[in-house]
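Step one of this worksheet: look at the structure below.
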Protein chains: 2
Amino acid sequence: MPKQTFFHLAQDKQDTLILAAKEEFSRVPLHEASIANIIKSAGIPRGSFYQYFDDKEDLYFYLLSETSKKNTGKFLLILQENNGDLFKTFIESFRFMVSTHKDKDQANFFKNAFLNMNYKLENTLANNVYEENQKSHFENISKSIDKSMLNIEDESELHHMVRVMTAVTFHNLVQMFVKDLTAKEAENSYLMQMKLLKRGFCKTEC
Amino acid sequence: MPKQTFFHLAQDKQDTLILAAKEEFSRVPLHEASIANIIKSAGIPRGSFYQYFDDKEDLYFYLLSETSKKNTGKFLLILQENNGDLFKTFIESFRFMVSTHKDKDQANFFKNAFLNMNYKLENTLANNVYEENQKSHFENISKSIDKSMLNIEDESELHHMVRVMTAVTFHNLVQMFVKDLTAKEAENSYLMQMKLLKRGFCKTEC
DNA sequence: GTTGACATATGACACTGTGTCACATATAAT
DNA sequence: ATTATATGTGACACAGTGTCATATGTCAAC
């Protein structure tokens, strides 16, 4: 988390810095990004950077968590709009994320993020790590899910189901960037896999 | 891939270097590993390192691909032993990998790998990237799968199914390290998710 | 309006680590 | 012996990080 000093900065100075950071993280992935470039572009001295952030990771995960807030908000909204239909919600969220990530201004930022996706990044994006603990995050979603349509016996099975669907969702988003798929191709792949999840992998007898 | 020069080295010198590398990559994850430590531990000069490898990534992915060979071999073997039962195969492979990764000598190496798992690492481990192209890798597996028990209409659906199962498998391996689960806990989680995949997420009418 | 306490700004610097290159040495074929 | 080719070596230039001593600003209390 950025230090208090950063939040005390005038809004436009914050914005300049955030913009400079996004530029650098769009140019190259986190591990290749250099603080020198960010401060040069933002026009602040090196020492100041360390007044605001612990290091470049601190800044990067702050940027991501901002994106995450939007994602979680959107997910809950869609879930309610679809009367708790988990599949429609995941699919519509997927479309939303694809379109966000394909957006000209943000495409490279997300490309660099997803091509280097690991559990820490995934957690930041999927669970709003900063805001609330993960348990309450899931419970929050669980309340709005229409369980009557799902093939589950208890809350634990639902939890596992959501985890599988999240893993598949991220896998497909990553693949979109890896294989440089169009939005349409990515969506088809995702729809196919969601269809398989719905209907089950095994014939009834097995 | 390491350069020819490396493979021309006497076997014991190769082994010393590999061992030194494993030590370093067990101590810290790839991005924190230092070539200085590896060469010091292996007792070779810096210049020599660059005769053998492009950089530390080159060495690291070579190590991983060696592991991968074992995994793929084991997977195919188990698949045949189980007469093409995809689920039994994934589950037994999972157990095999968990026990490998929990092995005292290798635990930290794999911990560092899985806590920083990204698509490139996953691909290296799952698809033997060096050896063959991925298409032929899947076809190779596909031949041995008993499709009669699976709820699929064509080869493409099978492909997606395997991809989903692979994604879930990696997700569970990562979670084992993230949440520091015992082998038993990790297995239970995995079995639960495999059960859900088998039977389908949706009730029949939806 | 001076003082002190505190927050913030700044850039030179020490440090860590990388990849290269000119030169040294070995090996083998003619 | 001579030459060609492969391999070994460590000093060095370069890039980037995080810190620290010092400077500057702000504001409340007297």
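Within every chain, numbering begins at 1; the chains are lettered A, B, ... in the order of the sequence lines, protein sequences first and strands thereafter. Any value given below was found using the heavy atoms of this structure, including those in side chains, with hydrogens, waters and symmetry copies removed. In this text the structure is predicted, and so the values were computed from the model without any measurement.
- Put simply, CD on A/Gln4 is 18 Å from P on C/dC6, counting in whole angstrom units.
- What separates CD1 of B/Ile39 from P of D/dT7 is a distance of 19 Å, to the nearest Å.
- In the set D/dT17, C/dG17, C/dG19, the nucleotide with an atom closest to the side chain of B/Ile35 is C/dG19.
- Put simply, A/Lys13 has no side-chain N or O that comes within less than 4.0 Å of OP1 or OP2 on C/dT8.
- Ring pair B/Phe94/B/Phe90: centre-to-centre distance not below 6.0 Å.
- Where A/Ala33 and A/Gln51 each meet DNA chain D at their nearest nucleotide, the meeting point lying more 5' is that of A/Ala33.
- Considering only side-chain atoms of A/Asp55, the nucleotide from D/dG18, C/dG11, D/dG10 that sits closest is D/dG18.
- B/Phe49 places its CZ atom 12 Å from the P atom of C/dT20, with the value rounded to the nearest Å.
- In this model, the phosphate group of D/dT17 is approached by a side-chain N or O of A/Arg46 to a distance below 4.0 Å at OP1 or OP2.
- Between B/Phe6 and B/Tyr62, the angle of the ring planes goes over 60°, which puts this pair in the perpendicular group of the 30/60° scheme.
- Between A/Tyr50 and C/dA9 there is no side-chain polar atom (N or O) within less than 4.0 angstrom of OP1 or OP2.
- Between C/dG17 and B/Lys40, no contact under 4.0 Å exists linking OP1 or OP2 to a side-chain N or O.
- Protein atom CZ of A/Phe6 is 15 Å distant from nucleotide atom C1' of C/dT8, rounded to whole Å.
- With sequence neighbours excluded, the residues forming a side chain to side chain contact (heavy atoms under 4.5 Å, CB included) with B/Tyr119 are A/Leu115, A/Val174, A/Val178, listed by chain and number.
- Atom CG in B/Asp58 sits about 14 Å away from atom C1' in C/dG19, given to the nearest Å.
- Not one side-chain nitrogen or oxygen of A/His8 sits closer than 4.0 Å to the OP1 or OP2 atom of C/dA7.
- When each of C/dT10, C/dG19, D/dT19 is scored by its nearest atom to the side-chain atoms of A/Ser48, the top-ranked nucleotide is C/dT10.
- Between A/Arg199 and B/Glu157 there is a salt bridge, since a side-chain N of the basic residue sits under 4.0 Å from a carboxylate O of the acidic one.
- Atom C1' of nucleotide C/dT18 and atom NE2 of A/His31 are separated by 14 Å, given to the nearest angstrom.
- With rounding to whole Å, A/Ile38 atom CD1 is found 18 Å from D/dA15 atom P.
- With rounding to whole Å, A/Phe53 atom CZ is found 18 Å from D/dT19 atom C1'.
- Looking only at atom types and distance, the side chain of B/Ser142 has a donor-acceptor partner in the side chain of B/Glu155 under 3.5 Å away.
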